[in-house]
There are 4 protein chains.
Amino acid sequence: MTDHRQGPVRSEAARLAILEATARLFMSKGYDHLTMEGIAAEAGVGKQTIYRWWPSKGDVVADCLLDGLLLPDSLRPPETGDIRADLVDWITGIFHVLARPDGEGLLRSIIAAAAGNADVGRRIYSSLGATSSMADRIRKAIHEEGLAVDTPIEEVGEAIVGAVILRALSRSTIEEAGARRLVGALLG
Amino acid sequence: MTDHRQGPVRSEAARLAILEATARLFMSKGYDHLTMEGIAAEAGVGKQTIYRWWPSKGDVVADCLLDGLLLPDSLRPPETGDIRADLVDWITGIFHVLARPDGEGLLRSIIAAAAGNADVGRRIYSSLGATSSMADRIRKAIHEEGLAVDTPIEEVGEAIVGAVILRALSRSTIEEAGARRLVGALLG
Amino acid sequence: MTDHRQGPVRSEAARLAILEATARLFMSKGYDHLTMEGIAAEAGVGKQTIYRWWPSKGDVVADCLLDGLLLPDSLRPPETGDIRADLVDWITGIFHVLARPDGEGLLRSIIAAAAGNADVGRRIYSSLGATSSMADRIRKAIHEEGLAVDTPIEEVGEAIVGAVILRALSRSTIEEAGARRLVGALLG
Amino acid sequence: MTDHRQGPVRSEAARLAILEATARLFMSKGYDHLTMEGIAAEAGVGKQTIYRWWPSKGDVVADCLLDGLLLPDSLRPPETGDIRADLVDWITGIFHVLARPDGEGLLRSIIAAAAGNADVGRRIYSSLGATSSMADRIRKAIHEEGLAVDTPIEEVGEAIVGAVILRALSRSTIEEAGARRLVGALLG
DNA sequence: CAATAAGCGAGACGGTACGTCTCGTCTTGCT
DNA sequence: AGCAAGACGAGACGTACCGTCTCGCTTATTG
């Protein structure tokens, strides 16, 4: 006996409408002001259809992250051949896109989501891991730019991202000089 | 002439009761489940007395932080004379106190508060600045332990704290080896 | 085509619980001390369920009136065959039941409700109209007791009820002699 | 020893400011939306100064009535020599001034005040009594217009006023024909 | 090819908390 | 002592969402 139950299967249209509505509302209102009822209305979907598949709004957001509906590709560090300059660019770039001290900073919203929902937290973290674009960039620097072979790739990545998060939380910015000092200290 | 008005003056008893109730509830339930009504009830105070002086629960929490009602003294790094070992101890220690992956991690609650409230964010950040215990510890290492004079004190502090925050958000831990790699990369 | 919507239908149980709770509280505490929160609590119902169907407490009370939950049947005048004696009995009887000068006089509460809510006012008035028991009683007197055919039924009824209301508002009573004078003047 | 206490005596300026503010607000917002705080603010007076002298807003309104700040003189029936026509005029006139079915009907507000406050109720009633302008008018008709000597003056007055109150509560009007029927029934 | 059972939209339900308003009391400093 | 000002504990207001629960409709599988 297979475990096919009778009746219709999950509606892909509803799933997509929910995720897209969530992404839309998340970016326009932030995580705190995101509500299940708002998502349902925006998606033209019954509330039960959300609750049937996700236990909480945090989990819907986590799925949005997974589908790449929340974070832009600009998060990938540039590759000019100068690892230090590239990382400095990446850091200062973040604040233009995600973490402006004013406004409803998207990055702060994601941090709030991660603080409130384990799945979101783990998801974000795993996107920084050994297979992330940041790690790739550092590995490339080791092979092609003579960066020290024993550079602890993951720790360096986490330190950089962590510093950015801290600045986002404090509603301040990292100016270029500060970013250079940070990268300098980390990469020797 | 000063601007002394006539009429009753702010009740210090109410102010204290509110801050203490807030700290108590914050630690037992976390930031998300902290409510203005709960604080008022716990403090034995009318809601209006809270709203009269603080615009939102985030601001009450910010004042709790300022009064030292939320964070323990164990946040001060040890001073054994070995800066690297002390920082590693501090990092791994944090997770025993504040950021256990299970439970309502106090640190995650503070992060949520900071993400949702600018004052909390700035308050936390300023407690890491040039006058913080972390900066003091690094400065001491420069003077007494031969740490490189050009070590960027603030950036190193932020990288460490940021890495801790990132791990707290991801519900993971920094084991000693990882902490050592991080400190090693930062202090050369 | 009828306008049948899909989805759940109004809960009759909730409707009844609300009206009964309202009647209970109205009679024990009076209109002024009746609160939406009190009704909701007494009925075991969410406040929104009340606000969904009635815009104000006055309208809930109006529905109670309509359902006969507030006024007893003793408001029907007796029919002994002597219209004057019956009306005098009715008037003096009212004060024993509804308008005792002390206490939270039910009649005064209904007047307050009518003053504050158009629906209640209209409802009470329409229960005095051409189809009321008072009008029926007077009509019967015209047919069977030789009361003047041109007696203005509605005006007489309103004058009597109005005089009762006025006495209720003034916290006084109509003793039998006064009632007899009033009825005498009205019915010639 | 006399019972002169030390300290300032009651401020007549404050008393007047309160009564005038009350009358102003009563007429613009109605009894229900009249608040002690609103009166104090409008009068430029501390709340305690009101509570020191009046136990509730109803009592302040009662004093306003007593001082004639609420009801206009147009309540006096005309004296053309035709008692029936004069009373009909008076009745229909009331609705132009006080009891228009739309709007915040001043008369309904006074009824609400009387329903909620014994003093207001008694005050209104006593202004209808043996010494009232209505009674005077009827007495004059007995002496000068040949109205029956045994006309029960007070009961007739109360029936008329009561009928008006009832119509005010029901948000309806008395048109001239109805008023004439009522007066006809009462005065024979 | 019914019968059946799940997914779906809509939205009512019992609740909790929001932020505001007003109550009646109390406190302060001035007159 | 009276007063203007206004903070205080209390609690109701009307609204927004929560997560659960019917409804009546549509759709796929299974006997």
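What you see is a predicted model, and the numbers here were worked out from it, not measured in a lab. Order of the sequence lines sets the chain letters (A, B, ...), proteins ahead of strands, with each chain counted from 1. Scope of the values below: all heavy atoms of this structure, side chains included, with no hydrogens, waters or symmetry mates.
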Regarding [N], can its base be found pairing with the side chain of [X] as donor and acceptor, where the two atoms are less than 3.5 Å apart?
| X | N | value |
| --- | --- | --- |
| Q6(A) | dT4(E) | yes |
| K47(C) | dG14(E) | no |
| Q48(B) | dC8(F) | no |

For the side chain of [X], starting at C-beta, report the closest nucleotide among [options].
| X | options | value |
| --- | --- | --- |
| T35(A) | dC13(F), dC17(F), dG9(F) | dC17(F) |
| P8(C) | dA10(E), dC13(E), dT22(E) | dA10(E) |
| T49(B) | dC8(F), dC18(E), dG19(F) | dC8(F) |
| A14(D) | dA4(F), dG14(E), dC18(F) | dA4(F) |

Taking any heavy-atom pair under 4.0 Å as a contact, classify [X]: base, sugar-phosphate, or nothing.
| X | result |
| --- | --- |
| R52(A) | base |
| G38(D) | nothing |
| W53(A) | sugar-phosphate |

(message) Heavy-atom nearest nucleotide on DNA chain E for G44(A) versus V9(C): which residue maps closer to 5'?
(response)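 On the 5' side of the pair lies G44(A).
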(message) Less than 4.5 Å apart, side chain to side chain, heavy atoms only: is that true for Y31(C) and R108(C)?
(response)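 Result no, sub-4.5 Å side-chain heavy-atom pair not found.
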(request) Quick one: do D59(B) and N117(B) satisfy side chain to side chain contact (heavy atoms under 4.5 Å, CB included)? Show the steps, please. (result) CA-CA 7 Å; D59(B) 297 86; N117(B) 183 276; 3.2 Å; yes
(message) Tell me whether R171(A) contacts the main-chain N or O of L169(A) through its side chain, where contact means a donor paired with an acceptor under 3.5 Å.
(response)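 The answer is yes, because a donor-acceptor pair under 3.5 Å joins these two groups.
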